[in-house]
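Input: a single structure, listed below in structure tokens.
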Amino acid sequence: MIVSGSASQTLAAALARELEEPLAEVVYDRFPDGELRASVPGFDGDRAIVVASTVSSDAHLEVLQLQDAVREAGAAEVVTVLPYMGYARQDKSFADGQPITARAVARAISTGADRVLTVTPHEEAVCDFFEPAATAVAAGGRLAEALPADLAGPVFLSPDAGAIDLAERVRDAYGEGETDYFEKVRRSGTDVEITPSDVDVEGRDVVVADDIIATGGTMSEAVAVLRRRNAGRVFVTCVHPLLVSSAYARLSRAGVEAIYGTDTIERPASAVSVAPALAEHLDR
Ligand code: R5P
């Protein structure tokens, strides 16, 4: 049975269709003191696939509750799918006294999981923090499905060297185009400095691909650089469209044509589903 966290209902339903497995009823309660309770009253089956993006602190707690609830209901195997793993970018202690939060949450989730899947984490090494086997599912190629078929002389760029694989994956799935990356220096949580790549973008359509858009600071800088260089249309695409705060407005003001993401995080920009990519890792 597929069991959905409250932030992943669309994707869980798509995965249930893909695997032809039933979608469990889940009841999300909140007590007057603010405490949560996620229950799975009619759970029935040997295997539970808990699908829950941990987009908030509440969502983290919900995963733990769902894992425990299905175990209580008799599940022999619990596969935990974190389409978007929150806190994955806190994968190091950057200064004395700081936690490695990705490791802490992975340890907690590991207590209730026999297997973990997550989609395109910021660093694949985050999988090593889990106790059971954890797999990073590459879903970037699916982003090409959302792009217009008539891109002119397309260039696929990543905003930093770390995301070049993703840009290449999108290009490969699209079928044609040049790839390159910008150099990025982060000045603060919301501001970055982007140094242009050498590729000539004048009059050409550009797709900027990244694993995640959070505040939109990185992408809006990249788009602004491309606009100054007289690029044609500029599209931004990411696996995880977190798009917090004023990210949409920020990107629109920068001159972006469209924003495309997947359904690892459910947003208006979630143009493609990662359900088929996840299904490949889940035997029927
Ligand atoms: C960091 O290296 C990531 O790949 C993204 O570039 C970053 O998390 C995006 O964050 P924001 O949208 O806040 O600039």
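For ligands, and for the atoms within them, numbers begin at 1 and follow the listed sequence.
Interface of D160 with ligand 1, defined as ligand atoms under 4.0 Å from a residue heavy atom, comprises 2 (O). Close contacts between ligand 1 and R186 involve ligand atoms 7 (C), 10 (O), 11 (P), 14 (O) [criterion: under 4.0 Å to a heavy atom]. Which parts of ligand 1 touch G217 is read off a 4.0 Å heavy-atom cut-off, strictly below it: atoms 12 (O), 14 (O). Applying the 4.0 Å criterion to heavy atoms of D211 picks out, from ligand 1, the atoms 3 (C), 4 (O), 5 (C). Ligand 1 places these atoms under 4.0 Å from at least one heavy atom of K184: 1 (C), 2 (O), 5 (C), 6 (O).
Considering backbone and side-chain atoms together, I212 places no N or O closer than 3.5 Å to any N or O of ligand 1. The distance criterion of under 3.5 Å between nitrogen or oxygen atoms is not met by I213 with respect to ligand 1.
Aromatic ring orientation, Y174 versus F156: tilted (interplanar angle from 30° to 60°).
The structure places OG1 of T264 at 13.5 Å from CE of M85, a figure rounded to the nearest 0.5 Å. With rounding to the nearest 0.5 angstrom, the NE2 atom of H60 is 7.5 Å from the CG atom of L82. The line from OG1 of T179 to CG of D165 is 10.0 Å long, rounded to the nearest 0.5 Å.
Contacts with ligand 1 closer than 4.0 Å are made by heavy atoms of both the backbone and the side chain of T218. Here M219 has no heavy atoms under 4.0 Å from ligand 1, in either its backbone or its side chain. With a heavy-atom cut-off of 4.0 Å, V192 does not touch ligand 1 at all. If you look at E221 next to ligand 1, there are no close heavy atoms at all, none under 4.0 Å.
Between the side chain of E123 and the backbone N or O of D91, no donor-acceptor pair lies under 3.5 Å. Remark: the backbone N or O of I2 is not paired with any side-chain donor or acceptor of E21 at under 3.5 angstrom. At least one donor-acceptor pair under 3.5 Å links the side chain of S270 to the backbone N or O of T262.
Closest protein heavy atom to atom 1 (C) of ligand 1: H122 CE1, 3.4 Å. Summary of contacts: the protein heavy atom closest to atom 5 (C) of ligand 1 is D210 OD2, 3.3 Å. For atom 13 (O) of ligand 1, the closest heavy atom belonging to the protein is T215 OG1, 2.6 Å. Scanning all protein heavy atoms for the shortest distance to atom 8 (O) of ligand 1 gives R89 NH1, 2.6 Å.
Ion pairing between a basic and an acidic side chain is recognised when a charged N comes within 4.0 Å of a carboxylate O; R233 and D150 show such pairing. Residues D180 and R171 are not paired through a salt bridge, judged by the lack of any N-O separation under 4.0 Å between the basic side chain and the carboxylate.
In this structure, G216 has a heavy atom closer than 4.0 Å to ligand 1.
When hydrophobic side chains of Ile, Leu, Val, Met, Phe, Trp and Tyr are connected at separations under 4.5 Å, F94 ends up as a singleton with no cluster partners.
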